[in-house]
2 protein chains.
Amino acid sequence: MRRNKGPSRLDLDEAAGNGLVDRRLFLTGVAAGAAAGGVFSEPASADELSVEPWMKTPGAPFVGYGQPSRFEDKVARVWASAPNAPGTGAARTPLHLLNGAITPNGLHFERSHNGVPDIDPSLHRLLIHGLVKRPLVFTLDALSRYPMESRTAFIECGGNGGQLYQKDPAQLNLQALHGLLSCAEWTGVKLSILLEEAGVDPAAKWILAEGADAAGMSRSAPLAKAMDDALVALYQNGERLRPSNGYPMRLLLPGFEGNLQVKWLRRIKLTEAPTMTKDETSKYTMLMPDGKSLQFVFPIEAKSVITQPSPGLMMKEPGLYSISGLAWSGYGKVVKVEVSADGGKSWGLAELQQPALLMALTRFRMAWRWSGGPAVLQSRVTDETGYVQPTRAELIANRGGKAIYHFNGVTSWAVSESGEVKHVYA
Amino acid sequence: MRRNKGPSRLDLDEAAGNGLVDRRLFLTGVAAGAAAGGVFSEPASADELSVEPWMKTPGAPFVGYGQPSRFEDKVARVWASAPNAPGTGAARTPLHLLNGAITPNGLHFERSHNGVPDIDPSLHRLLIHGLVKRPLVFTLDALSRYPMESRTAFIECGGNGGQLYQKDPAQLNLQALHGLLSCAEWTGVKLSILLEEAGVDPAAKWILAEGADAAGMSRSAPLAKAMDDALVALYQNGERLRPSNGYPMRLLLPGFEGNLQVKWLRRIKLTEAPTMTKDETSKYTMLMPDGKSLQFVFPIEAKSVITQPSPGLMMKEPGLYSISGLAWSGYGKVVKVEVSADGGKSWGLAELQQPALLMALTRFRMAWRWSGGPAVLQSRVTDETGYVQPTRAELIANRGGKAIYHFNGVTSWAVSESGEVKHVYA
């Protein structure tokens, strides 16, 4: 392929230091055409393409349930599990290979505590009990008669990005660092409808949610959240939930850490106080510098990360690129994402994919003319509460270096002169 | 299961005839609790659920790319193909088994004219030529450097619903009648950027788009549309396009009939006039009552259909139900959907899932108290241009009974006293 250095001699609208430019550059055709042959395209030498082999033979017939191309077999979750417990661990979404805001169901991240149960939906029941007037049991058929609602929501594991608390930057790619994050359209029945049907005792202030897996994974959450926007989700991107995401039903508490979105939901118990389950005492608490732990830190703080480029993806040559990434907040909508190419010295405003939905992943994009010199790429998000994503240093100053959960500091990717992208602290 | 007739003796807010009611009925808890034990739930006899077998053994370990539960194997596309041509035909989406607005990639409908080509993305090229200043060739790598955008858009085959032009109502289910319809989040590069880079000759008024399948499927479209909102789509619900949906790239012309969304896109040629390809002369024209055909009828007219209940899904017992369906328009946003339970005599306003996006499927929902008597369920949509979906009789009066394409009249489901749901004309 002919190398084309791109429009480096043109008058570019600088949006911030080290080459961040206005994306209209791509749109004018001026920058594009000027150097003859376009920015990244090749001039067509003949007026026709050759007829490729796949045009000379009939293609594959229909199938009931489709799969990705065989050329995409590296677009897969990677996982780590505990010794002798192949179902205890987490499988991470390959965010560096995806685009848009939706995560396809086959690649939604998974955190499981004792494997994925093989649940017969006709036998599964949801029990609502505890501080209610009438304990109730719901079959899947019964739930299907209630009005449903759909919402697009991210789920992020509370432990996502935990390696960034470490003293030195882990030499891992985006999937390994931040891949416990996904986003889907969830459809189900509002939990408040079911709780009101059971009749909430005024003494109830918390709920216990328990899963039907072999770990009996269970967590406590405030009743106020359950009555506000909690969903008993039955569908994920249009089809029934995937087994690894809670089939046939899971709790969705939009914006809360992933562990609260209890999969394989079998019961909701209304209680006066948190139940103090093993999952909220032995794990998912936030160790502070003084050695004490914060418990019940539920919402995911605003966070963003650049997905392209990111470690493992090489920059081929100097010229125009599109920087892309994801931003989200458990406290509300994403209203602003800024991108820096000089390690935070200057910031340019990224474009946000619309609509930017409440507690959903929001895709951002920014044009960048890479000079071929060293650069440090960063993004930082502002949510609708006005909260600005902190630098890593600011976060560590507050939480110390022994924390594991809720890392939401800025992530930095260094681009070297060879085009290699590396995780750094900056 | 104990049968519960629901709150039939309660004072219900009638929204329209034959039992259409306000969905707040589900929300108050009054209707629910009154009859003891709730509307569809069972009172819990003990305070705990039994421990099911899948809780007593570790679950399945992690996998790279997930699949649906084995209990969902009937949620699949069904297809018909031409004799001795297993790749020529169409596979339909099981809309009656889905919910929300997104179609999962494995179930997106497929219309193929000579099978699904097995394209090596590193060898695939997109040529832009014809009335341009500089013919250009793009690799997939080159396209990845351009700014992308994501949009949720429906695709509907122009032939979807064609059976409803027939004299008698086909006794088929929703999938067979209207299953050539799906919706996804598409991400790619705006075609206008690439065309401007090639430099559009002022004489150009049309484009030819050609696919790299063995049928060389090709269609003509107005250049104005190509410059407006056309996308060279590379991603579908976050991941690379599925082979059956055009991997590695397809044309997306939002709101236009499906055949224009050329899959396996290999070239765009700018022309003065339509190319008159085999696919736009032998097919995809609209036969009118006078024997002449309308050619180049591109946008999909506003249409809606009730997905639950629909033929094949049984109503079990009188009581409250949630009616749900899909509405869409190739001319703009869906602004209103009305539902009738008495064959169009009276109409109640359905709730629209928000956000209702431009040229995307919009889910609507309406509460219904089925008395146990006969009913005819219908929906009709109004789009932002003010256009109202016509009755079937109005459509036939205009187009005659020999048309095949662009059926968008009202679809009617009759519910019998036994709870059976049947396709009827009403």
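For the numbers below, each heavy atom of this structure counts, side chains included, while hydrogens, waters and symmetry mates do not. Chain letters run A, B, ... following the sequence lines, proteins first and then strands; every chain starts at 1.
From Q236(A), atom CD reaches atom CD1 of I102(B) across 12.0 Å, with rounding to the nearest 0.5 Å. Put simply, CD on E239(A) and OG1 on T93(B) are 11.5 Å apart, with the number rounded to the nearest 0.5 Å. Summarising the geometry, atom CD belonging to Q354(B) is positioned 13.5 Å from atom CG belonging to L358(A); distances are rounded to the nearest 0.5 Å. The line from CG of N114(B) to OG1 of T57(A) is 8.0 Å long, rounded to the nearest 0.5 Å.
With contacts defined as side-chain heavy-atom distances shorter than 4.5 Å, the pair F71(B)/D118(A) qualifies.
In this structure, the side chain of R134(A) does not engage the main chain of P43(B) through any donor-acceptor pair within 3.5 Å. Formation of a donor-acceptor pair under 3.5 Å by the R240(B) side chain with backbone atoms of P68(A) is not found in this model. Under a 3.5 Å cut-off, the side chain of R145(A) and the backbone N or O of L320(B) do form a donor-acceptor pair. Using modelled atom types, one side-chain atom of Q353(A) and one backbone atom of S150(B) make a donor-acceptor pair closer than 3.5 Å.
In terms of heavy atoms, M55(A) sits closest to R266(B) at SD-NE, 3.3 Å. When all heavy atoms of P147(B) and S322(A) are compared, the closest pair comes out as CA-OG, 3.0 Å. When every heavy atom of S69(B) is checked against every heavy atom of Y247(A), the shortest pair comes out as OG-CE2, 3.2 Å. When all heavy atoms of L357(B) and P355(A) are compared, the closest pair comes out as CD2-CG, 3.7 Å. Across P104(A) and N105(B), no two heavy atoms sit closer than the pair CB-ND2, 4.2 Å. Listed here is the closest heavy atom pair of Y65(A) and R77(B): C-NH2, 4.0 Å.
Using a 4.5 Å cut-off between heavy atoms, A184(B) makes no contact with chain A at all. Both the backbone and the side chain of R125(B) have a heavy atom closer than 4.5 Å to some heavy atom of chain A. Both the backbone and the side chain of E110(B) come within less than 4.5 Å of a heavy atom of chain A. Both the backbone and the side chain of A212(B) come within less than 4.5 Å of a heavy atom of chain A. With a threshold of 4.5 angstrom between heavy atoms, M148(A) approaches chain B through its backbone and through its side chain. Of the atoms belonging to T187(B), it is side-chain heavy atoms, and not backbone ones, that fall under 4.5 Å from chain A. At a 4.5 Å heavy-atom cutoff, the contact between V75(B) and chain A is made by backbone atoms alone.
Ranked by heavy-atom pairs under 4.5 Å with chain B, the first of R70(A), R92(A), R363(A) is R70(A). Options E149(A), E52(A), Q67(A) differ in how many heavy-atom pairs under 4.5 Å they form with chain B, and the most are formed by Q67(A). The candidate with the highest count of non-hydrogen atom pairs below 4.5 Å against chain B, out of G100(A), G106(A), G87(A), is G106(A). If you tally non-hydrogen atom pairs under 4.5 Å between each of P53(A), G216(A), A101(A), G211(A) and chain B, the highest count goes to A101(A). Of the residues considered (W79(A), W186(A), W264(A), W368(A)), W79(A) shows the highest number of contacts with chain B, using heavy-atom pairs under 4.5 Å. Counting heavy-atom pairs closer than 4.5 Å to chain B, the top-ranked of the candidates D120(A), L98(A), L241(A), I323(A) is D120(A).
Legend: residues meeting salt bridge (Lys or Arg N to Asp or Glu O under 4.0 Å) with E351(B), ordered by chain and number and at least two apart, are R23(B).
Test V116(B), I119(B), D213(B) against W54(A) for side chain to side chain contact (heavy atoms under 4.5 Å, CB included) and you get one pass: I119(B).
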For this session: Check step by step if side-chain contact (heavy atoms from CB on, under 4.5 Å) holds for F62(A) and S112(B).
Result: CA-CA 9 Å; F62(A) 300 96; S112(B) 293; 4.3 Å; yes

